[in-house]
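The structure appears right after this line, and notes come after that.
Below, read A as the first sequence line, B as the second, and so on, with proteins coming before strands; counting in each chain starts at 1. Computed from heavy atoms alone, side chains included, the values below leave out hydrogens, waters and symmetry copies.
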Protein chains: 2
Amino acid sequence: MKTTKSIRRNSPIPLSQCGVFLAAELIGDKWTLLILREALYGVVRFDDMLNDLGIPRAVLTARLKRLVENDIMRRDPYREENSRTRYSYTLTDQGIELTPVIIALMQWGDRYLRNDAAPISLMHKDTGNGLKVALVDEQSSALSINDITLKINDVEKR
Amino acid sequence: MKTTKSIRRNSPIPLSQCGVFLAAELIGDKWTLLILREALYGVVRFDDMLNDLGIPRAVLTARLKRLVENDIMRRDPYREENSRTRYSYTLTDQGIELTPVIIALMQWGDRYLRNDAAPISLMHKDTGNGLKVALVDEQSSALSINDITLKINDVEKR
DNA sequence: TGCGCTGAGTTCATATGTCAAACTTAGCTA
DNA sequence: TAGCTAAGTTTGACATATGAACTCAGCGCA
């Protein structure tokens, strides 16, 4: 039996004041997290995300709408040779700042839910050093999120 | 119009191999993230979480069940003076490792979704230094998750 | 000019999940 | 033994997710 030491009866702050709550309301669902993953990887098209994730069309439409409305993603027209204008969905600055959330999830998932080596790792664009998400001193300098490169390890590309 | 440079047509790894996907299936929903928050804060009782989060009973039951089944939380009997045996829900080692995910969410939410100062901050238990989640060099030493203390800033306790 | 293609979005019927409230259960005190 | 309370289950109304079919608009091409 555990002792009763350090049992807390309620959280130190009310829900409405809680960043976790506000963030979870906005991006705390499976598909939204996966859409952010796609965006991090550089997938920008509706149909590509659709195929990649196996997400229902209507859900992808609704999620992208919410992300755009909340300034996490941006919807821009673009044009390839010999085809009509389409729209790309990319992360805004605010959206890019969610990188640590996705990477933290990835690290945890790779470590505890996969029984294989991590299929992808992060590298610093310039130094080539491996990167990780971690708790560090507030004062210590963080790497810029824009300096990340993905390195794919030994998994067959489809 | 954007150029088409660096558009990726699909993610570099298949979903089934993806740590983000596996993690998102398991903990990627609003209530589960909030339950993890409660656990981090030290709330351990069913009824306390219920009151604190305003989560429906049946949903809390189901979520805790899933977390216990997947070895993220542990269900232990405990006993207070003059009351019956109850069960406490606490994080397992695997669950504690999700701290960076929750903290990353908190940081982002506090920064972009609140218009006030962060209601809570993290401190190193010994040094008292402020902490943050960040991308760092893989080699750099991370702080132990067990050395965290919460510091509550200027928000009225209910 | 009109034909057909394709990316993006909408609509539909069905299935599944969420919700609040009421009810059940088990273990304790008195 | 009665009554209390924390935890869990059931209920039925409602909301959201799902997969398939359908719509729509802009474009290349004949």
Side-chain angles (χ1 to χ4, degrees), chain A residues 1-2 4 7-10 15 21 24-35 38-39 42-70 73-90, chain B residues 1-2 4 7-11 15 21 24-35 38-39 42-69 73-90:
Chain A
M1 292 247 183
K2 273 189 71 170
T4 57
I7 282 188
R8 203 193 286 258
R9 302 305 309 273
N10 51 249
L15 263 198
F21 173 73
E25 290 251 282
L26 192 51
I27 64 158
D29 73 272
K30 186 181 88 168
W31 289 126
T32 301
L33 292 169
L34 289 172
I35 288 167
E38 291 290 295
V43 177
V44 304
R45 293 181 190 171
F46 188 91
D47 260 39
D48 290 344
M49 293 187 181
L50 201 72
N51 295 331
D52 234 29
L53 297 177
I55 184 177
R57 302 181 90 81
V59 175
L60 182 54
T61 302
R63 292 292 187 279
L64 286 173
K65 182 155 170 275
R66 192 169 71 191
L67 289 169
V68 169
E69 281 170 356
N70 287 277
M73 298 193 80
R74 183 192 348 254
R75 181 178 188 268
D76 293 312
Y78 75 98
R79 184 86 202 275
E80 277 188 334
E81 295 279 323
N82 285 346
S83 58
R84 53 174 285 211
T85 299
R86 301 177 205 168
Y87 294 92
S88 66
Y89 293 88
T90 52
Chain B
M1 293 249 182
K2 274 189 69 170
T4 58
I7 283 188
R8 203 192 285 259
R9 302 305 310 273
N10 51 250
S11 85
L15 262 198
F21 173 73
E25 291 249 284
L26 192 50
I27 63 157
D29 73 272
K30 186 181 86 167
W31 290 126
T32 301
L33 292 169
L34 289 173
I35 289 167
E38 291 291 296
V43 178
V44 305
R45 294 181 189 170
F46 188 90
D47 260 39
D48 290 344
M49 293 188 181
L50 200 71
N51 295 331
D52 234 28
L53 297 177
I55 183 177
R57 302 182 89 81
V59 175
L60 181 55
T61 302
R63 291 292 187 280
L64 286 173
K65 181 155 173 274
R66 192 170 71 192
L67 289 169
V68 169
E69 281 170 358
M73 297 193 82
R74 183 194 345 257
R75 182 179 188 268
D76 292 314
Y78 76 98
R79 184 84 201 278
E80 278 188 333
E81 296 280 322
N82 285 344
S83 59
R84 53 175 285 211
T85 299
R86 301 177 204 168
Y87 294 92
S88 66
Y89 292 89
T90 52

Contact list for DNA chain C against residues 60-70 of chain A - heavy-atom distance below 4.0 Å: A/T61
Range on DNA chain D touched by chain B - first to last nucleotide, heavy-atom distance under 4.0 Å: D/dT5 to D/dT10
Pairing residues for A/R66 by the side-chain hydrogen bond (donor to acceptor under 3.5 Å, both in side chains) criterion, not counting sequence neighbours: A/D29, A/T32
CZ on A/R79 to OG1 on A/T85, rounded to 0.5 Å: 5.0 Å
Pairwise distance CZ(B/F46) to OH(B/Y89) - rounded to 0.5 angstrom: 6.5 Å
Report all interatomic pairs (protein N or O, nucleotide N or O of nucleotides 4-7 of chain C) with separations under 3.5 Å.
residue : atom : partner : partner atom : Å
C/dG7   : N3   : A/R84   : NH1          : 3.0

Distance, nearest 0.5 Å, that separates CG of A/N70 from CG of A/L26: 4.5 Å
With sequence neighbours excluded, residues passing salt bridge (Lys or Arg N to Asp or Glu O under 4.0 Å) with B/R57: B/D47
Gap between atom NZ of B/K30 and atom CZ of A/F21 - 0.5 Å precision: 5.5 Å
Separation between OG1 of A/T90 and CD of A/E38, rounded to the nearest 0.5 Å: 14.0 Å
DNA chain D: 5'-proximal contact among A/A58 and B/D48 (nearest heavy atom): B/D48
side-chain contact (heavy atoms from CB on, under 4.5 Å) assessment of A/L64 paired with A/M73: CA-CA 8 Å; A/L64 286 173; A/M73 298 193 80; 4.1 Å; yes
From CD1 (A/I35) to CG (A/D52), nearest 0.5 Å: 11.5 Å
Whole-Å gap separating P (C/dA22) and CG (B/L50): 15 Å
With B/D48 via side chain to side chain contact (heavy atoms under 4.5 Å, CB included) - residues at least two apart: A/R9, B/V43, B/R45
Value in whole Å for how far the P atom of C/dC19 lies from CD1 of B/I55: 8 Å
